[in-house]
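Values below: every heavy atom of this structure, side chains too, minus hydrogens, waters and symmetry copies. The model shown is predicted, which means the values in this text are computed figures rather than measured ones.
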Amino acid sequence: MAVTDDATKTPDPAPAPADPGQDTEAEATDATDPAAPARVESEPLTPEPARGVAAWAGPLVVALLAAATYVTYSVLQWRRFESPSWDLGIFTQLARRYAHLEAPVVTIKGDGFNLLGDHFHPLLVLLGAPYRVAPSALTLLVVQGLLFAFSVWVVAREAGRVLGALQGTFVGAAYAVSFGLVGAVAAQFHEIAFAVPLLALSLVAFLRERWWAAALWAAPLVLVKEDLGLTVAALGAVMWWRTRRRPDVREPLLGAWLALWGLTWVVLSTTVLLPALNTQDQYDYGSRIDFAAIVTHPWTAVTMLVDDGSKVVTLLMLVAITGFVGLRSPVLLIAVPTIMWRFYADIDYYYGHTWHYSAVLMPVAFAALLDGVLLARRSPRPWLRRYSLAAAPVAVAIAAMLVPQLDVARLGRPDDLWAPSSRGVEARALLDQIPEGSVVETDIGLMSYLVDDNDVFYVGNPDNPAPDFLVIDQHGGGWNPAPSDIAQYAADRHPGTTWQLVYDAGGYQLAKRTG
C-alpha cells in the first residue's frame, strides 16, 4: 500500500518519445494501465540502439565486405567462362544501346526486338552511364554487386538501431549472405538489382515511420519490373493498415494512394505498354498463370502454394531467416505477391530458393524480422517478450547454417571458383577468331563475351538473319544434345548459305559463313 500511496502522490513522468515501428496505441494503453510498472519490470532489457561511430562503423564494414564478396564472386565466375543463362547477354545489349542513346533493341531476343516489350524496366536506362565508361558485360555484374552491398548497409544500419550495435552488425551480415542475394549474384545480372536497394530504403523508412519517405522510395519500383507494382501495392496496403487509426499521421490515406499507384502501373504496363512495344502485340508472360483455373477452383489458390517440395522449402527458408518472429509482422505480407506469381506459374524453376527470384524477398524478410522484434517487445505475453531478445540470434544462426548450401560457399573451395577454367584457353582462342563488329549467332555459352563488340543473335530463335559466324558450346551452351557438325547445322538453319568450320577445341566450335 505504501507503494500505491507514493505513486498517487508523485506526478507521472513525461511520456518517452515513441519508438519508431511500435504501436502507439499500445503505448497509450501501457501508460494508463495501473499494472504497467510491474509488467515493465518483468520485460527483458531492450538493447541500447547503436549511436555515434557504432551506428555506422559496423554496417559500413559489413557492406564493404559484402561488396568485395559479390564482386569477387562475379569476377571469378566471369574468368571461368560460366554462363548460367542468357540474361547477362540480354541486359548487356540493352546497356550498350542505352550507352549510345539508342532504343533498347536486343537482338538476342529476336531481330528488332525492343526489350521494353518483354518486361517493363525503363529504370534500366541508368545502366547506360557505367557501361559507357566500362563497356563490358562484367560491368553489369559489378554494378549489381554494389547495389546489393548498398542495401546491406541500409539494412545493417536499421538493425543496429533496433537491436544494438553488435546484434545489428550480425543481422546485417546475415542479410548479406541471405539465399536471395547470393543466389542472384550467382545467377548474374537481372533487373531486380535496382529493386533490392529501393525496397530496403523504403522498408527502413517504413520501420522509422517516415511514411512519405517510404512511399517515395517504393514508387520507382514500378519502373523496375511490371510485377513489382504488386509489391508496391502490398506495401501501400500494409502502410495504410498501420496508420489508419493514428491521430499523429497527417496523411492517413498515403498508403492507400501508394497501393493504387502500384496497381495502376501493373494494369497499364501489362495491358497497354508492354503489348504496344512487343513484336507480337502481347504481354508474353500473362499465359504462364492459369487464372481461369484458380477462379473456377478457388481452393487451388492455397494448395498451389505448397504442392511442390521446392515451394515448401522456399517458404520455410523465408520464414526461418526472419527468426520466425517475422511472422508477427504485417511487413511479411509484402512478400505475398512475389510468392504468388512465382508459385502459380507453370514453370518449376520459379519455385526454388536459388536463382534471382528471391532477391526482392530479402529486404522484406529482414524488415519483417526487425518489425517483429519491435512488436514482440510490447507483447503482453512474457515468453514473446523474452523471445524478442533471441529472435535476431536465431535468424543469424539459421543464415549461417544455410551458407554452406549456397553458391557463395564456392569462395571457400580453392579447387572450385578460384581455379582457372579447364576450357579458358580454348574460349579465348575462339573469341580471338571473330573480328569486332561481326554478326554472330550463338548459344548461351559465350554469349556474354560476344555482345560488347558484335551484333549477337540467339541460336534458339527462329528467323534470325544469316550471321557472319555461328558459335556453339557443346558443354555449356544449353544443348540437349549439341549438333556434331556445326557447318551443316548452320547451313540447315540458313538455307542458301555455305559454311566452313574454322575452330573446334575444348567443346567450342566456330563456323564462318563463306557464301
Side-chain angles (χ1 to χ4, degrees), residues 21 119-123 151 180 190-192 194-246 249 251-275 283 285-286 288-289 291 294-295 298 301-302 304-305 315 318 322 326-327 329-345 350 356-368 371:
H119 287 298
F120 188 67
H121 41 50
L123 199 63
S151 78
H190 202 265
E191 64 254 66
I192 50 84
F194 287 92
V196 171
L198 286 172
L199 262 176
L201 288 164
S202 177
L203 291 169
V204 164
F206 178 95
L207 295 180
R208 296 187 180 192
E209 299 188 349
R210 297 173 180 172
W211 309 118
W212 270 106
L216 292 174
W217 283 119
L221 287 168
V222 301
L223 306 179
V224 177
K225 194 163 175 274
E226 66 277 2
D227 65 271
L228 286 171
L230 297 174
T231 299
V232 172
L235 195 158
V238 171
M239 184 186 299
W240 170 81
W241 178 261
R242 178 155 287 185
T243 61
R244 71 195 189 286
R245 295 178 182 174
R246 292 279 299 274
V249 176
E251 298 289 347
L253 294 180
L254 180 61
W257 285 112
L258 182 63
L260 180 61
W261 167 266
L263 292 175
T264 298
W265 274 99
V266 171
V267 174
L268 182 63
S269 60
T270 58
T271 63
V272 179
L273 300 176
L274 286 167
Y283 175 49
Y285 303 95
R288 294 189 175 182
I289 298 177
F291 292 103
I294 294 173
V295 171
V302 176
M304 288 176 69
L305 297 176
L315 290 175
L318 179 64
T322 73
L327 288 170
S329 171
V331 171
L332 199 58
L333 295 174
I334 299 170
V336 169
T338 299
I339 291 292
M340 291 179 67
W341 74 252
R342 286 172 57 185
F343 288 9
Y344 289 172
Y350 284 180
H356 60 260
Y357 297 105
S358 293
V360 297
L361 300 180
M362 298 301 98
V364 176
F366 280 81
D371 192 48

If every non-hydrogen atom of A214 is compared with every non-hydrogen atom of M239, which pair is closest and at what distance? CB-CE, 3.7 Å
List the steps and the verdict of side chain to side chain contact (heavy atoms under 4.5 Å, CB included) for I289 and I294. CA-CA 9 Å; I289 298 177; I294 294 173; 4.2 Å; yes
Determine, step by step, whether V364 and T338 satisfy the side chain to side chain contact (heavy atoms under 4.5 Å, CB included) criterion, reporting the C-alpha distance in whole Å, the side-chain angles of both residues, the deciding distance to 0.1 Å, and the verdict. CA-CA 11 Å; V364 176; T338 299; over 6 Å; no
Please check: side-chain N/O of E226 versus main-chain N/O of F120, any donor-acceptor pairing under 3.5 Å? yes
Expected output: side-chain Y344 to main-chain M304 donor-acceptor under 3.5 Å: no
If you compare all heavy atoms of Y357 against all heavy atoms of R342, which two are closest, and at what distance to 0.1 Å? O-NH1, 3.2 Å
Evaluate the side-chain proximity of H121 to F194: yes if any heavy-atom separation is below 4.5 Å, no if none is. no
Locate the shortest heavy-atom distance separating I334 from A234; write the atom from each residue and the value. CA-CB, 3.9 Å
Are L263 and V267 close enough, and set up right, to give a side chain to side chain contact (heavy atoms under 4.5 Å, CB included), and what steps lead you there? CA-CA 6 Å; L263 292 175; V267 174; 5.6 Å; no
Can you measure from CG (L230) to CE (M340) and round to the nearest 0.5 angstrom? 9.0 Å
Separation of L361 CG from L315 CG (nearest 0.5 Å): 9.5 Å
Measuring from L253:CG to L258:CG, what's the distance to the nearest 0.5 Å? 12.5 Å
Taking all non-hydrogen atoms of both residues into account, name the closest pair between V222 and G262 and its distance. CG1-CA, 4.2 Å
Please work out which of the three classes, parallel, tilted or perpendicular, describes the rings of Y285 and H119, given edges at 30° and 60°. parallel
Under 4.5 Å between any side-chain heavy atoms of V360 and L221, yes or no? no
Could you go through the side chain to side chain contact (heavy atoms under 4.5 Å, CB included) check for E191 and L228 one step at a time? CA-CA 11 Å; E191 64 254 66; L228 286 171; over 6 Å; no
Under a 4.5 Å cut-off applied to non-hydrogen side-chain atoms, are W257 and E251 in contact? no
Near W211 CH2, under 6.0 Å, is it more than 12 heavy atoms from other residues, nucleotides or ligands? yes
Which atoms form the tightest heavy-atom contact between Y283 and P275, and what is the distance? N-CG, 4.1 Å
Got a second to check how far L327's CG is from T322's OG1, nearest 0.5 Å? 5.5 Å
Between R208 (side chain) and A205 (backbone), is there a donor-acceptor pair under 3.5 Å? no
Can you find a heavy atom in the side chain of T270 that is under 4.5 Å from one in the side chain of D227? no
From R210 atom CZ to W217 atom CH2, the distance as rounded to the nearest 0.5 Å: 12.5 Å
Hey, what do you get for CE (M362) to CG (L199), rounding to the nearest 0.5 Å? 11.5 Å
Please tell me if the side chains of W265 and L273 come closer than 4.5 Å, counting only heavy atoms from C-beta onward. yes
Return the set of residues passing side chain to side chain donor-acceptor pair (under 3.5 Å) with S202 (not counting sequence neighbours), or none when no residue passes. none
T243 and P252: which non-hydrogen atoms are nearest, and at how many Å? OG1-O, 3.7 Å
